[in-house]
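Below: one structure, written as structure tokens.
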Amino acid sequence: AAAEPAPIGRGVRVFARHVGCGAVAVEGASTGNGSVVLRGHAALFVGERYDLHLAASPSPALGQFVVEDGPDPELRLPDMPATVEPAPLGWYDEQPSRSEMQSRTSSDVDRLSEALKRRSGGFGMGSTSTLLDVLGSRRHAELQELRVAYLERHRRELADDLAAAAPAFKGFATRLETQLLRSKPELDALTASKALERGEVLPLTEAICTSLPHSLVQLESAHRELFRESLADAIQRAAQRPRADAIAAVAPLLAELLARAAEASTAVSASEAVEADCRALHEAFLGRAERSSVPAEAARVLGSRDRAHLRRVDEAHARSYGAPLSQHIKGCMPDGPLRYALLLLLERAEDYYARKLHAAFHGIRKTPGVNLKTLGPSTRRTLTARLERTQSMSGLMTHDGTVIAIISSRCGRDLSGVAASYERLYRKPLVAEMRACMTFGSGASELCKLACAIVEGSPPYEA
């Protein structure tokens, strides 16, 4: 008799490829117990047949499965030594490209080309509405298709042409346009690299500590492709520079999160694991008020768990010890970049970015819960930087850079949740707040319209 095929080992990357068109729909990893977790399975369609591969190439195929309808999609693998578990653990705003937008791609490239030609020639009339209609109406996956089509047509990046044709006074609007066209791993890698170059610990910490494990795996891959170096190595190298105390403080934790991201992406948040992690983290942080490093056991636990699991640990700590783990850490760790990063891992990213947006509109002083001195670069000592710090605290003008960074990095991920958190925390819809606060000057008006279109185009948020 033929021997039964052995189960797939733990942590092996797998790809689901549509049988008809051959396109890779989603990727995931094996758990080691005979199952495979596919991330972002909203890109899989009920009734369609897919091959499962061990690599991005078409062969070898492990077998096929069909997505069947139900409360949650059931992925059946009739002739395979593994079963596929649909995993709604990816970004809930991640959506596949719509067929009607795919059919518009070629004509939209024509419209963009003509609009950029008018703008570069000094005749901007009509180009703004075209850019807003084309870019503001597309999902993130559809923007990536548009970017590829434009590159194939003109042999130039659309983002580069947008930047080259933009008038100076539309700088913030153009920045949002160009960042929306980046893939998420690419944008994360560029954000992290720029932060390391400037010695800015906050953007680096946010990019890693508010992400999901599978996105951290993609971030490492993108950083290596763009800069020929892993992000973990780049962080360790930056931590050794003179006057890099802030980055040096968080470097071990961030490196651990990156190193264990693949493991964390397949971890299961079982009740037993929540209670065990709660006890381990409580004991690990005891008596550390005079020390500014993360214990090895705590780093292992934090690095190998996703953020949803860590929030469950935070709640379990409140039940077992009378206070959330976040409060325990505040009492055990000195104030600084490392404690900020640890607390960021435990806080809902949606709430965190909602508060930052409120600070961008109204100032840090009027936004409880934002423990920052400035929304801009904190390492610069120029007059412009001092003015920016004053602006950040007072809210005399909207801090457009913060709005751009949040909209571009969270759209297609959890922007609908950020908008829901903003309305829950401040009793005002995010879009209404943007329209009330982002109307100073022509460039700001264009930025406001595009930002509002992106927020309104997010899928309905389900708590």
Side-chain angles (χ1 to χ4, degrees), residues 21-24 43 93-191 194 222 225-226 400-401 403-405 407-412 415 434 438 441-458:
C21 67
V24 172
D93 280 0
E94 184 180 19
Q95 295 179 300
S97 176
R98 294 164 291 188
S99 58
E100 63 267 25
M101 298 304 288
Q102 292 173 348
S103 63
R104 274 180 46 184
T105 297
S106 179
S107 61
D108 280 350
V109 169
D110 293 335
R111 295 175 64 200
L112 284 173
S113 303
E114 184 61 31
L116 290 174
K117 188 182 300 182
R118 292 198 306 270
R119 176 177 278 191
S120 61
F123 302 98
M125 187 67 66
S127 64
T128 297
S129 59
T130 298
L131 293 173
L132 178 63
D133 179 56
V134 174
L135 301 181
S137 63
R138 286 179 171 265
R139 297 172 177 175
H140 179 67
E142 294 160 355
L143 286 172
Q144 297 309 297
E145 292 177 347
L146 184 70
R147 175 187 180 182
V148 170
Y150 189 93
L151 180 63
E152 291 176 347
R153 175 84 60 85
H154 297 286
R155 298 294 184 265
R156 299 188 306 272
E157 282 282 359
L158 175 56
D160 294 340
D161 284 2
L162 282 167
F169 69 88
K170 293 186 181 290
F172 280 120
T174 303
R175 189 194 305 180
L176 178 57
E177 291 167 356
T178 56
Q179 290 187 9
L180 288 171
L181 288 166
R182 303 284 188 188
S183 70
K184 293 306 180 190
E186 179 186 12
L187 181 59
D188 288 344
L190 291 171
T191 299
K194 186 176 181 179
E225 181 178 345
L226 289 171
D400 292 327
V403 177
I404 292 167
I407 296 295
S408 61
S409 65
R410 310 316 290 190
C411 74
L415 185 57
M434 288 194 293
M438 299 175 63
S442 176
S445 178
E446 184 176 336
L447 170 62
C448 176
K449 290 177 182 178
L450 180 56
C452 289
I454 296 301
V455 174
E456 290 177 322
S458 299

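Note that the structure is predicted; figures quoted are calculated from it, not measured.
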*asked:* With rounding to the nearest 0.5 angstrom, report the CD to CZ distance, Glu142 to Arg147.
replied: 16.0 Å

*CD1/Ile404 to CD/Glu177 distance, rounded to the nearest 0.5 angstrom?*
10.0 Å

_Quick check for you: to the nearest 0.5 Å, what is the distance between Leu135 atom CG and Leu143 atom CG?_
6.5 Å

_Do the side chains of Glu94 and Lys184 get close enough for a salt bridge, i.e. N-O under 4.0 angstrom?_
no

*asked:* Ignoring hydrogens, what is the shortest heavy-atom contact between Tyr150 and Ser113? Give both atom names and the distance.
replied: CE1-OG, 3.8 Å

*asked:* Looking at Arg111 and Asp133, is there a salt bridge between them, counting it only when a charged N and a carboxylate O are closer than 4.0 Å?
replied: yes

*Test Arg104 against Glu100 for side-chain contact (heavy atoms from CB on, under 4.5 Å), laying out the working first.*
CA-CA 7 Å; Arg104 274 180 46 184; Glu100 63 267 25; over 6 Å; no

*Can you name the closest pair of heavy atoms from Gln179 and Ser408 and give their distance?*
OE1-OG, 2.8 Å

*Do NZ/NE/NH1/NH2 and the carboxylate oxygens of Asp110 and Arg153 come within less than 4.0 Å?*
yes

_Between CG on residue Leu158 and CG on residue Leu151, distance to nearest 0.5 Å_ = 9.5 Å

*Atom CD1 in Ile407, atom CG in Leu447: separation rounded to 0.5 Å?*
9.0 Å

*Closest heavy-atom contact between Cys411 and Leu180?*
SG-CD2, 3.6 Å

